[in-house]
Amino acid sequence: MSRVPALAFLTAFTALFAPLSAVLGQNPPLATAPVPPPPYAFVADLLRTSPSVIDAVVRSAGGLKPAESPGLAPGFVRLDVTADVLAQIRGSESLPARINYLVDVPLDARGRPPKLKGQRVLLFAVPVAGKPDQVQLIGKRGQQAWTPSFDARLREIARALVAPDAPPEITGIGNVFHVPGSLPGEGETQIFLTTKDSRPVSLSVLRRPGEQPRWAVALSEIVDDAAAPPARDTLLWYRLACFLPPALPDRAVQTLGAPDAAAAREDYALVLKQLGRCER
């Protein structure tokens with residue numbers, strides 16, 4: 001009986017499965033898409049209201065009885081959580097390696113609590129006086145699931161908040177001025193803002209015939225010609241987009257004539273529109 005030479009057999013075998021190999025090579029397993037970071041304002045709000053921010057891993061979580069959970073919302077269970085601290089992202093008081101806290105979490109479709117053991121979490125909390133191993137979450141949003149993108153955004157904002165050149169917190173609108181130009185449609189509006197620490201912040205809007213309106217924000221007494229609008233998802237953008245009132249108050253334009261007041265209101269509306277929505 002004749003035998004197929006080994007080399008010929010190998011060549012035929014490879015040719016038989018070549019199409020399958022090509023198909024597999026052209027269609028590799030789908031990679032898991034990275035989780036996008038939460039909205040900038042959402043994270044900034046959490047940081048702004050949390051004296052202590054902790055990166056931790058849940059070691060254990062036990063449910064409390066309804067009688068031990070006053071104020072618990074329907075469909076939720078209150079868990080007593082023990083967690084191992086990985087890092088303290090923000091806080092003036094040192095933490096032990098292991099902490100305890102209470103958290104309210106929704107029950108699943110079968111009425112069971114989620115399994116938190118082993119999960120990495122970000123905690124936004126307040127220290128408990130006299131109990132260094134316990135923290136109190138700031139509210140329903142006080143425990144967040146850790147993701148690389150959430151962690152990166154959180155640390156970015158935390159650094160921006162303590163930077164020497166961090167923009168001040170906006171508290172309202174101060175004086176408003178409008179100077180009409182010599183040509184129809186020409187004019188400039190200046191809006192001075194009030195801040196928590198009395199540092200100067202002002203908005204300027206310039207209109208020229210045949211050109212798109214231009215606006216800028218200045219963080220000093222002098223408005224720099226090179227000033228520009230803040231980039232989105234920055235601390236300055238957050239301070240403006242999330243804390244400016246929805247319209248100029250009447251008192252801010254009471255010294256202006258009706259045409260100038262109307263122009264100032266239009267320019268302020270332009271600033272708010274270009275800042276965009278504050279997603280919380």
Side-chain angles (χ1 to χ4, degrees), residues 36-55 87-94 122-127 138 141 144 147-177 188-206 212-246 248-249 252 264 267-280:
Y40 188 99
F42 174 81
V43 181
D45 280 348
L46 288 174
L47 269 168
R48 185 176 57 87
T49 56
S50 304
S52 183
V53 180
I54 306 159
D55 182 358
Q88 186 174 11
I89 299 173
R90 185 179 189 184
S92 57
E93 300 182 11
S94 60
L122 294 167
L123 306 176
F124 300 86
V126 178
I138 61 170
R141 303 187 302 176
Q144 298 288 327
T147 65
S149 57
F150 198 139
D151 185 88
R153 172 151 286 181
L154 175 65
R155 293 174 188 271
E156 171 200 349
I157 300 175
R159 289 191 297 268
L161 286 169
V162 298
D165 59 347
E169 295 182 40
I170 306 300
T171 57
I173 303 292
N175 296 323
V176 177
F177 302 95
E188 182 175 3
T189 297
Q190 282 194 310
I191 303 168
F192 293 89
L193 309 180
T194 58
T195 61
K196 186 175 181 180
D197 58 4
S198 300
R199 281 189 285 161
V201 179
S202 64
L203 308 172
S204 61
V205 183
L206 181 64
Q212 291 293 325
R214 293 188 296 110
W215 76 277
V217 56
L219 300 179
S220 66
E221 299 285 358
I222 300 174
V223 178
D224 187 352
D225 291 339
R232 188 178 176 87
D233 290 350
T234 61
L235 186 57
L236 180 55
W237 170 85
Y238 166 73
R239 298 289 201 209
L240 296 172
C242 300
F243 294 95
L244 285 175
L248 289 179
D267 287 344
Y268 183 73
L270 170 73
V271 170
L272 295 184
K273 181 179 180 180
Q274 295 199 1
L275 281 169
R277 182 182 175 186
C278 172
E279 298 181 19
R280 285 176 153 142

May I ask you to decide if Leu235's main-chain N or O and Tyr40's side chain share a donor-acceptor pair within less than 3.5 Å?
-> yes
So, do Tyr268 and Ile173 sit near enough that their side-chain heavy atoms are less than 4.5 Å apart?
-> yes
Kindly indicate whether the side chain of Phe177, heavy atoms from C-beta on, has any atom under 4.5 Å from the side chain of Ser202.
-> no
CG (Asp233) and CD1 (Ile157) are apart, to the nearest 0.5 Å, by 8.0 Å
Drop me the distance from Gln144's CD to Leu154's CG, to the nearest 0.5 angstrom.
-> 10.0 Å
Determine the minimum heavy-atom distance between Ile89 and Ala158, stating which atoms define it.
-> CG2-CB, 4.3 Å
Taking it one step at a time, do Leu244 and Leu193 satisfy side chain to side chain contact (heavy atoms under 4.5 Å, CB included)?
-> CA-CA 9 Å; Leu244 285 175; Leu193 309 180; 3.8 Å; yes
Does some side-chain heavy atom of Asp55 sit less than 4.5 Å from a side-chain heavy atom of Arg155?
-> yes
For Phe124, which residues count as a ring pair (Phe, Tyr, Trp, His ring centres under 6.0 Å) partner, sequence neighbours excluded?
-> none
Would you say Arg199 and Leu219 make side-chain contact, with heavy atoms under 4.5 Å?
-> no
Look up atom CZ in Arg48 and atom OH in Tyr238, then write down how far apart they are to the nearest 0.5 Å.
-> 4.0 Å
Within the side chain of Arg153, is there an N or O that forms a donor-acceptor pair under 3.5 Å with the backbone of Pro38?
-> yes
Arg280 atom CZ, over 12 foreign heavy atoms within 6.0 Å | yes
Nearest 0.5 Å please: distance from the CZ atom of Phe42 over to the CG atom of Leu47.
-> 10.5 Å
Quick check: does any side chain N or O of Gln190 sit under 3.5 Å from a backbone N or O of Asn175, one acting as donor and the other as acceptor?
-> no
Any sub-3.5 Å donor-acceptor pair from Arg239's side-chain atoms to Pro167's backbone N or O?
-> yes
Looking only at non-hydrogen atoms, find the nearest pair between Ala241 and Cys278 and report the distance.
-> O-CB, 3.6 Å
Which heavy atom in Val126 sits nearest to a heavy atom in Pro51, and how many Å separate them?
-> CG2-CD, 3.8 Å
Going by heavy atoms in the side chains, are Ile191 and Asp267 under 4.5 Å from each other?
-> no
Please report the closest heavy-atom contact between Pro127 and Ser52, naming both atoms and the distance.
-> CD-CB, 4.4 Å
Should Ile138 and Leu46 count as side-chain neighbours, where that means a heavy-atom distance under 4.5 Å?
-> yes
Looking at OG1 of Thr189 and CH2 of Trp215, how far apart are the two atoms once the value is rounded to the nearest 0.5 Å?
-> 13.5 Å
Can you find a heavy atom in the side chain of Leu122 that is under 4.5 Å from one in the side chain of Ile54?
-> no
Give a yes or no on whether the backbone of Leu275 and the side-chain of Arg232 come within a donor-acceptor separation of less than 3.5 Å.
-> yes
pair Pro37-Val43: side-chain heavy atoms closer than 4.5 Å | no
Considering all heavy atoms of both residues, which atom of Ala216 and which atom of Ala228 are nearest to each other, and what is their separation?
-> CB-N, 3.6 Å
Between OG1 of Thr234 and CD of Glu156, what distance do you get to the nearest 0.5 Å?
-> 9.0 Å
Between the main-chain N or O of Thr194 and the side-chain N or O of Thr171, is there a donor-acceptor pair closer than 3.5 Å?
-> yes
